[in-house]
J.: 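Handing you a structure now.
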Amino acid sequence: DDGYEFLSWEGELQYGKSTSNPLVLAIADMRKVTPVVRAVSEPVTRTWLGAAKTVKLWNDPTNWDPAGVPGAADDVVIANGTCLVSNYAACASLKLAGGASLKVAETASSKLEEAVLVVNGDLMMTNTASLLVAPKNYTRHGRLVVAGDLTLAGTNTLTVGAGPLDGATFTKLSGGGFVTIGGDFTVGGKSTVMPLGELYTGGSVVFRVGGNLAVATNAAIKAIGCGYARVSGRDPITLGPGAGITHTYSASHGGRGYCATGTPKLPYGQALAPIEPGSPAGDYTDSPGGGLIRMHVAGKVEIGGRLD
């Protein structure tokens, strides 16, 4: 209608269709989706009204000052409380401060295939603010796009989760989760970046940085426990190439694992270009293997902190 604009779809979206208009879905593939629209407005700075310890929705226009769901040309400031995005959000720039928490698709239907946050400028995180784009899961592909610089300047946590591999759109090489940064990526202060792998197929999060990457002395990028796991109800129970056969076997990856008797599995992967995560040990443990840290950086790389 005149005076209103379409922003996105909310609900059980297939990958890549959160902003498709018109949206085409197969009749046999029943999904619940709702359009997100707002009154047409000039670009403004929208400030989150959520107080500390409150949990509210991004797509509720009453949670913003001035009132209205943010659009792709609006600057956004969130300094308190928890802001929940169902599956997709876009803005011109984003500042996360104080103890604010922004979560994209933290809880969702198993039919949702993507969790997307698009920032058309800079994304700045300060104080103890945190950002989650898809948790550990078996269906949702996290995608964070920052056209400008991405800066973690305080004691911040950035978490991005990968979705499953399918051998076509999502492969071991392409990954299952994506962070694209047009400018510099600075992990400063005491901040932590956590790329969460998909535990069954081994989907990993791939970072592509158009500028420089810097990890400060007290900062870290951590992928501990984000590799292949044993997943109850799946057959086989794990796809980890180096998984331990019984509880007496540790996993193989870059080298052969240890076993009390018998022969452990062969190593796999390439040290200079790893595209598969670590495997779980023997079947008496639920601990996943180690995850992957995949960074494609066009500029300089300065690592003063930890890569775990």
Side-chain angles (χ1 to χ4, degrees), residues 15-16 89-90 94 96 102-105 114-125 129-137 140-153 156-165 169-199 201-216 219-227 269-278 290-308:
Y15 185 81
L94 176 60
L96 299 176
L102 176 59
K103 299 180 178 181
V104 184
E114 68 175 358
V116 184
L117 176 62
V118 177
V119 181
N120 293 310
D122 296 335
L123 195 169
M124 169 66 76
M125 300 174 64
S130 62
L131 171 60
L132 167 71
V133 183
K136 280 187 180 180
N137 73 97
R140 302 190 288 285
H141 301 269
R143 183 156 55 94
L144 172 61
V145 179
V146 180
D149 296 335
L150 172 51
T151 305
L152 285 64
N156 309 114
T157 303
L158 168 63
T159 306
V160 180
L165 304 182
T169 303
F170 307 102
T171 65
K172 293 176 182 178
L173 182 60
S174 71
F178 312 95
V179 178
T180 304
I181 303 163
D184 295 337
F185 184 17
T186 303
V187 187
K190 297 181 180 180
S191 298
T192 302
V193 175
M194 300 179 65
L196 305 180
E198 195 273 335
L199 298 179
T201 65
S204 58
V205 178
V206 180
F207 291 74
R208 297 190 182 278
V209 182
N212 303 320
L213 168 65
V215 181
I221 301 176
K222 295 184 177 181
I224 297 173
C226 294
Q270 301 179 40
L272 297 180
I275 59 172
E276 283 193 89
L292 281 178
I293 298 175
R294 299 179 63 180
M295 296 280 176
H296 301 260
V297 183
K300 297 187 300 182
V301 176
E302 298 180 7
I303 306 296
R306 298 180 58 180
L307 302 180
D308 293 335

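Here, residue 1 is the first one in the sequence, and each next residue gets the next number. Computation of the quantities below employed the complete heavy-atom set of this structure, encompassing side-chain atoms and omitting hydrogens, waters and symmetry-equivalent molecules.
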J.: Are any side-chain N or O atoms of D184 and backbone N or O atoms of D149, one a donor and one an acceptor, separated by less than 3.5 Å?
T.: no
J.: To the nearest 0.5 Å, what is the distance between CD on E276 and OG1 on T201?
T.: 10.0 Å
J.: Looking at every heavy atom in both K222 and P195, which two are closest together, and how far apart are they?
T.: O-CD, 3.1 Å
J.: Can you give me the closest heavy-atom contact between L199 and G225, atom names plus distance?
T.: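 Of all heavy-atom pairs spanning L199 and G225, the closest is CD2-O, 4.3 Å.
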J.: Do N156 and L96 have side chains that approach each other closer than 4.5 Å (heavy atoms only, starting at C-beta)?
T.: no
J.: Would you find a donor on one side and an acceptor on the other, under 3.5 Å apart, between the side chain of T159 and the backbone of L132?
T.: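 No.
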J.: Counting heavy atoms not belonging to K190, are there more than 12 under 6.0 Å from its NZ?
T.: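 Open: at most 12 neighbouring heavy atoms sit under 6.0 Å from NZ of K190.
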J.: Give a yes or no answer on whether the side chain of R140 reaches the backbone of A105 with a donor-acceptor pair at less than 3.5 Å.
T.: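 Yes; at least one donor-acceptor contact below 3.5 Å.
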J.: Check the angle between the aromatic planes of F170 and Y15 and answer parallel, tilted or perpendicular using the 30° and 60° thresholds.
T.: perpendicular
J.: Can E302 and N212 be said to form a side chain to side chain contact (heavy atoms under 4.5 Å, CB included), step by step?
T.: CA-CA 8 Å; E302 298 180 7; N212 303 320; over 6 Å; no
J.: I need the R143 CZ to T180 OG1 distance, nearest 0.5 Å.
T.: 8.5 Å
J.: What's the spacing between L213 CG and I221 CD1 if we round to 0.5 Å?
T.: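 Result: 5.5 Å between the selected atoms.
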J.: On a heavy-atom basis, which atom in C226 and which in L196 lie closest, and how many Å separate them?
T.: SG-CD2, 3.8 Å
J.: Which heavy atom of G227 sits nearest a heavy atom of P277, and at what distance?
T.: CA-CB, 3.5 Å
J.: Look at the side chain of H141 and the backbone N and O of E114, then say whether any donor-acceptor pair between them is shorter than 3.5 Å.
T.: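 Between the backbone of E114 and the side chain of H141 there is no qualifying donor-acceptor contact (under 3.5 Å).
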J.: Within the structure provided, determine whether T157 and M194 are in side-chain contact (heavy-atom separation under 4.5 Å).
T.: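 Heavy-atom side-chain distance check passes, below 4.5 Å.
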J.: State which residue, out of V179, I181, V118, fulfils the side chain to side chain contact (heavy atoms under 4.5 Å, CB included) condition with L144.
T.: V179
J.: Give me the atom names and distance for the closest heavy-atom approach of G210 to A298.
T.: O-CB, 3.4 Å
J.: Please report the closest heavy-atom contact between T192 and L152, naming both atoms and the distance.
T.: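 Nearest pair, atom of T192 first, then L152: O-CD2, 4.2 Å.
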J.: Measuring from L123:CG to L150:CG, what's the distance to the nearest 0.5 Å?
T.: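 The CG atom of L150 is 5.5 Å from CG of L123, to the nearest 0.5 Å.
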J.: Once rounded to the nearest 0.5 Å, what's the spacing between atom CZ of F207 and atom CZ of R294?
T.: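 It comes to 11.0 Å.
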J.: Nearest 0.5 angstrom please: M125 CE to S130 OG, how far?
T.: 6.0 Å
